[in-house]
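Beneath this line is the structure, given in structure tokens, with notes to follow.
This one's a predicted model, so the numbers in the text were calculated from it and none came from an experiment.
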Amino acid sequence: MNAAQRTWISSTFWTERIGPTAALATLKVMERVKSWEVITAIGNSNKQRWQALADKYGLEIEQWGIPALAGYNFKSKNHLAYKTFITQEMLKRGYLAGNSMYPCIAHSQEILDDYFFELDKVFAQIRDFEDGKDVMKSLDGPICQSGFKRLN
């Protein structure tokens with residue numbers, strides 16, 4: 001280390017203090033707010049509300065994940081078309097949403113209530129698809145991929 005005192009050193013991140021400072025500030029907020037409790041409560045509530053919508057419309061869903069990242073899939077041969085349809089229709093309603101959610105402390109009750117109000121309408125349309133309406137005629141683009149995999 002003595003050699004460093006007699007030498008000029010240049011480094012891209014030598015004086016970078018923003019990241020560690022932001023991390024410490026985040027930890028203080030997390031401790032004060034107990035964000036893990038808030039996020040867990042929101043995630044558990046989302047799972048209950050998704051199931052309530054599915055039950056309301058007689059749709060079968062399979063839920064997955066932990067409260068901090070939970071989601072659902074429709075038990076239907078058209079599940080990928082429905083996932084695509086949800087994203088398409090929720091975007092039209094001002095929500096970047098799919099069949100999963102990463103809750104955060106900024107998700108207020110008002111935001112979540114509005115999200116579920118709009119999602120209710122989409123589930124009603126999915127019920128129509130299950131009853132025979134052609135989901136493919138309601139899609140504005142191609143069906144989403146099923147996950148990360150080679151496409152060639």
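In this structure, Gln63 contributes its side chain and Lys47 its backbone to a donor-acceptor pair below 3.5 Å. Side-chain atoms of Thr87 come within 3.5 Å of backbone atoms of Ala97 as a donor-acceptor pair (strictly under, hydrogens ignored). Between the side chain of Ser100 and the main chain of Ala70, no donor-acceptor pair closer than 3.5 Å is present. Side-chain atoms of Ser45 never come within 3.5 Å of backbone atoms of Ala41 as a donor-acceptor pair (strictly under, hydrogens ignored).
The shortest distance between side-chain heavy atoms of Leu119 and Glu89 does not fall below 4.5 Å. Counting heavy atoms from C-beta outward, Asp120 and Tyr57 have side chains that approach closer than 4.5 Å. Between Ser146 and His79 the shortest side-chain heavy-atom distance does not fall below 4.5 Å. Taking 4.5 Å as the limit, every side-chain heavy atom of Leu96 sits out of range of all side-chain heavy atoms of Met90. The side-chain heavy atoms of Ile126 and Ile86, taken from C-beta on, include a pair separated by under 4.5 Å.
Here the CG-CG distance, from Asp134 to Asp128, works out to 12.5 Å after rounding to the nearest 0.5 Å. From Leu53, atom CG reaches atom CZ of Arg127 across 13.5 Å, with rounding to the nearest 0.5 Å. Note that the CE atom of Met30 and the CD1 atom of Ile105 stand 9.0 Å from one another [nearest 0.5 Å].
In this structure Asn99 satisfies the side-chain hydrogen bond (donor to acceptor under 3.5 Å, both in side chains) test together with Asn73, sequence neighbours excluded. Residues satisfying the side-chain hydrogen bond (donor to acceptor under 3.5 Å, both in side chains) test with Asp113, not counting sequence neighbours, are Arg49, Gln109.
Closest of all the heavy-atom pairs between Pro103 and Pro67 is CG-O, 3.4 Å. Across every non-hydrogen atom of Ala81 and Val135, the tightest pair is CB-CG1, 3.8 Å. Nearest heavy atoms, Gln88 versus Asp140: OE1-N, 2.6 Å. Residues Thr84 and Cys144 approach most closely at OG1-N, 2.8 Å, considering heavy atoms.
Between Phe74 and Tyr72, the gap from one ring centroid to the other is short of 6.0 Å.
A donor and an acceptor atom, one from each side chain of Gln48 and Asn44, are nowhere located under 3.5 Å apart. Checked by atom type, the side-chain pair Glu130/Ser76 shows a donor-acceptor distance below 3.5 Å. Side-chain atoms of Tyr115 and Asn46 form no donor-acceptor pair, as typed in the model, at a separation below 3.5 Å.
Salt bridge Asp114/Arg93: absent, no basic N to carboxylate O contact under 4.0 Å. Between Lys28 and Glu31 no salt bridge is recorded (no basic side-chain N to carboxylate O distance below 4.0 Å).
Annotation: Leu27, atom CG; neighbour count of heavy atoms from other residues, nucleotides and ligands within 6.0 Å is above 12. Around atom CD of Gln51, more than 12 heavy atoms belonging to other residues, nucleotides or ligands sit under 6.0 Å away.
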Derivation of the side chain to side chain contact (heavy atoms under 4.5 Å, CB included) call for Lys75 and Ile61: CA-CA 5 Å; Lys75 291 183 178 180; Ile61 61 170; over 6 Å; no
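Note: the hydrophobic cluster containing Phe117 does not contain Phe85 (ILVMFWY, side chain heavy atoms under 4.5 Å, direct or indirect links). Under the 4.5 Å side-chain heavy-atom criterion for Ile, Leu, Val, Met, Phe, Trp and Tyr, Leu112 and Val33 are members of the same hydrophobic cluster. Under the 4.5 Å side-chain contact rule for hydrophobic residues, Tyr102 and Val38 do not share a cluster.
Using bins of under 30°, 30° to 60° and over 60° for the plane-to-plane angle, the ring pair Tyr82/Phe129 lands in the parallel bin.
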